[in-house]
Amino acid sequence: MVKRSVVGAGYGLRDWLMQRITAVVMAAYSLVFAFLLLTRPVHDFAGWRALFAPEWMKLASLLFALSLMLHAWVGVRDILMDYVKSAGLRLALQSATILVLVSYAAWAVQILWSL
Amino acid sequence: MRFSIYRYNPDTDAKPRMQDYELAIEAGDMMLLDAMLLLKDQDDTLSFRRSCREGVCGSDAMNINGFNGLACVTPLSSLKQPITLRPLPGLPVIRDLIVDMEQFYHQYRSIKPYLINEEPEPEIERLQSPEERAELDGLYECILCACCSTSCPSFWWNPDKFVGPAGLLQAYRFIADSRDKATRERLDDLEDPYRLFRCHSIMNCVAACPKGLNPTLAIGRIKELLTKRTV
């Protein structure tokens, strides 16, 4: 195999845009969440359950969790691309990152709808 | 006036060292390069590049007290002593403050820094309106001194793959030129996770540029155009 520096994968814009859009989603959710906590303080488990009981709150929280996963994917991938020089190791770490993030997303669904 | 200067001769030295120098001068309105020429009289083995001595050729770019800049336009009086001089970070050292710029030039060449226009040549020049010409302000002034690219961590990690701020500023300079007809090819070439998207907008390039240019803004414009043609 020749040792040659190769570039030209021809992607990147979608990820870059996605990172920005998911950041806006997370910022909006954080503001709404902070507002909810300030207006109706939560003291106990029953309070937390009541906060997440409405279907719209579950959906908004899921949207936040999915945004976080997509945002983290682009960020972690960028870190791996910068610092991990071996392409094989990079592929392994990137695959592991995807598996972990997808599990987190599934876990978030399970938590939200079991409340 | 005290100096601490990076010395390295790959032929004879096992590793680089910092050498102290003293000059019995007042800073006055002297530039750093003037003092370095006096040091060169003192010790003619001290090696650095310089040419125009007025911030136009970009030869004497170096790391001055931790910041990249041109020695010829850096007032001595603005510097804290001992004045520490090192070669531009990230590039291979040829000797003392002289670095091998090949990686930098390679990235510059890769963006095709010339007008591409297959249309029939007109009788006279390809004219631009004053507005079209104004699009190039803040782009064409780059002197390729490499202060920006060598202050960019993304360029340090991937100098063979990331175009770097200087190259991307020039890429946008040709995209922005009304006489250039290769916008599509240029954008295709840059839409790449390494060539363009290693830039995370930390703006070291803007802080380093001795000509006051803004590569981050140009990179943002390229991303805007990429977005515009996608959505």
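Bear in mind the structure is a predicted one, so any value in this text is a computation, not a measurement. A note on names: the letters A, B, ... follow the listed sequences, proteins ahead of strands, and every chain is numbered from 1.
Rounding to the nearest 0.5 Å places CG of Leu226(B) at 13.0 Å from CZ of Arg14(A). Distance check: Trp157(B) CH2 to Met81(A) CE gives 15.5 Å after rounding to the nearest 0.5 Å. If you take OG on Ser201(B) and CH2 on Trp16(A), they are separated by 7.5 Å, rounding to the nearest 0.5 Å.
The local environment of OH in Tyr104(A) is sparse, with at most 12 non-hydrogen atoms from other residues, nucleotides or ligands closer than 6.0 Å. Taking a 6.0 Å sphere around NZ of Lys58(A), one finds it holds more than 12 heavy atoms contributed by other residues, nucleotides or ligands. The number of heavy atoms from other shown groups lying within 6.0 Å of NZ (Lys228(B)) does not exceed 12. In this structure, Phe67(B) places its CZ atom where only 12 or fewer heavy-atom neighbours from other residues, nucleotides or ligands lie under 6.0 Å away.
The two residues Phe197(B) and Gly12(A) come nearest to each other via the heavy atoms CE1-C, 3.5 Å. For Asp160(B) against Ser5(A), the heavy-atom pair with the smallest separation is OD2-OG, 3.1 Å.
Residue Leu13(A) touches chain B through both its backbone and its side chain, counting heavy-atom pairs closer than 4.5 Å.
Contact count against chain A (heavy-atom pairs under 4.5 Å) is highest for Thr227(B) among Leu196(B), Asp189(B), Thr230(B), Thr227(B).
The main-chain N or O of Asp78(A) is found under 3.5 Å from a side-chain atom of Arg198(B) such that the two form a donor-acceptor pair.
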